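Inspection log for the structure reproduced underneath, given as structure tokens.
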Amino acid sequence: MKKVVVLGSTGSIGQSTLEVIRQFPDKFEVVGIAAKSNVSLLLRQIKEFKPKYVAVYEKKAYEELKKSVNSTEILFGAEGICEVAKLKEADIVISAVVGAAGLLPTFEAIKAGKLVGLANKESLVMAGQIILSESIKRGSKIIPIDSEHSAVFQCLNGWNINFIKNIWLTASGGPFRGKKLKELKNVTPTEALKHPKWKMGKRITVDSATLMNKGFEVIEAHFLFNLPAEKIGVLIHPQSIVHSLVEFIDGTYLAQMSIPDMKAPIALALAWPERLPNVVPSIDWSTLKKLEFELPDTKTFPCLELAYEALKVGGSMPTVLNATDEVAVEAFLSGKLKFIEISKIIRKVMDSHIPQEPSSVEEILSIDRWARKKAWEEINR
Ligand code: NDP
Ligand code: MG
């Protein structure tokens, strides 16, 4: 029995994780879950999975849970979430809180030497260097859950890094693939949230529409696989069957395929170094007629280039990139910013940032706060 903690259990990745665990009750036991405020779903999850510990970020939700549950220890706030992230009894921690809020608990799990199934890419974008050094120091292994990185992880499977020429991260292209800049002028949040292939939380869905998600994934790949930006390419692949490719120095490629369902990379992280049977259905080759690939249109979707730039500048710039994007997406979703202005706000905040070399998570969080403030100033201007 592997004992599992699920951070962000009420979200898209969290619920898919619990679905895999539900399918294999003799292999996994949920010992802790954490979320922000979704009390009704937490109550259902507590009833079904009987975790020993539950942490919730918001006060009101905490008080409601305290009133309704007595068999489970209820913890509160960012501190409570960090407690669950480093639970002594946990064998694996699934890090699936969304956004910068995922950084501290991910870092705590790593400091505690846990095996981490990492969905929260933002923590690597914000603090990749610090997280990686800590994971080496504490012997904590990170298994990527992001489907592209899971694909690269599977294709690399033991090959020495010197044999890699490039990796190619695939992207569906999002709901606005093929559109030109002027057609995106007045797109609404509802349109941006209509992802053609994946059902995900709102932040990552908007990030997929701007291609910032792919930009974050380039930075994530840089840290996970120790590759420079020049060796990380992006390919638009609308069918979302090939989840990424590794190109070796001899000119050959390995690709990983499956139907687009996050349960596949989640199950791989949960079961690693083993595999679980029948997690997702086979590809239906009778209906899948073609696999297409094309290079991204970075004129229409400038966020991807902004992410490459932030990675090349390095230091605190990726932290600023993430914080500003988080604010800009929130502003877009609440009608305060146009879709095409997201990249402009990020450009402005990046231009006004003097890169630093943060050496602690506290410094990272302080840069994150600076960028958020700056981003709101630009939006309100
Ligand atoms: P969702 O928005 O669906 O879920 C977010 C989860 O985080 C919820 O459980 C939410 O709780 C919780 N949460 C939010 N803020 C806090 C906080 N301050 N403290 C504790 N918990 C918090 O997001 P996704 O599941 O889509 O994404 C999660 C992560 O996985 C992201 O980093 C994303 O980039 C990554 N990812 C997601 C993929 C997907 O297919 N969805 C694919 C690849 C990566 P509550 O419900 O109570 O608000
Ligand atoms: Mg991905």
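Atoms within each ligand, like the ligands themselves, are counted from 1 in listed order. All of these numbers come straight from a predicted model, not from anything done at the bench.
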Check your understanding: Ser147 to ligand 1: N or O pair under 3.5 Å?
Key -> no

Point to revise | Name, closest N/O/S atom of Asp146 to the Mg ion (ligand 2) | key: OD1

Point to revise | Test item: Lys374 and Glu377 side chains (from C-beta on) under 4.5 Å apart, heavy atoms | key: yes

Check your understanding: Looking at Glu217, which of its N, O or S atoms is the nearest one to the Mg ion (ligand 2)?
Key -> OE2

Practice item. Look only at interatomic distance and state if Glu122 has a nitrogen or oxygen under 3.5 Å from any nitrogen or oxygen of ligand 1. Key: yes

Check your understanding: What's the shortest distance from atom 3 (O) of ligand 1 to any protein heavy atom, and which residue and atom give it?
Key -> Ser12 N, 2.9 Å

Practice item. Determine, for Phe339 and Lys185, whether the Lys NZ or Arg CZ falls below 6.0 Å from the six-membered ring centre while staying within 45 degrees of the axis. Key: no

Review point. Considering only protein heavy atoms, which is closest to atom 26 (O) of ligand 1, and at what distance to one decimal place?
Key: Gly201 N, 2.8 Å

Review point. Side chains of Gln356 and Glu363: donor-acceptor distance under 3.5 Å anywhere?
Key: no

Exercise for review: Report yes if some N/O of Lys36 lies less than 3.5 Å from some N/O of ligand 1; otherwise report no.
Suggested key: yes

Check your understanding: Going by distance only, is there an N or O of Gly14 that falls short of 3.5 Å from an N or O of ligand 1?
Key -> no

Check your understanding: Mind checking whether Ala96 has a heavy atom under 4.0 Å from ligand 1?
Key -> yes

Exercise for review: Consider ligand 1: state whether an atom of it lies below 4.0 angstrom from any non-hydrogen atom of Ala34.
Suggested key: no

**Study point:** Trp198 N/O under 3.5 Å from ligand 1 N/O
**Key:** no

Check your understanding: Hey, which of Leu270, Ile92, Ile94 is the one that makes side chain to side chain contact (heavy atoms under 4.5 Å, CB included) with Leu115?
Key -> Ile92

Review point. Quick one: do the Ser258 and His243 side chains pair a donor with an acceptor below 3.5 Å?
Key: yes

Revision key, fill the gap. Looking at Glu148, the N, O or S atom sitting nearest the Mg ion (ligand 2) is OE1

Review point. Mind checking whether Ile13 has an N or O less than 3.5 Å away from an N or O of ligand 1?
Key: yes

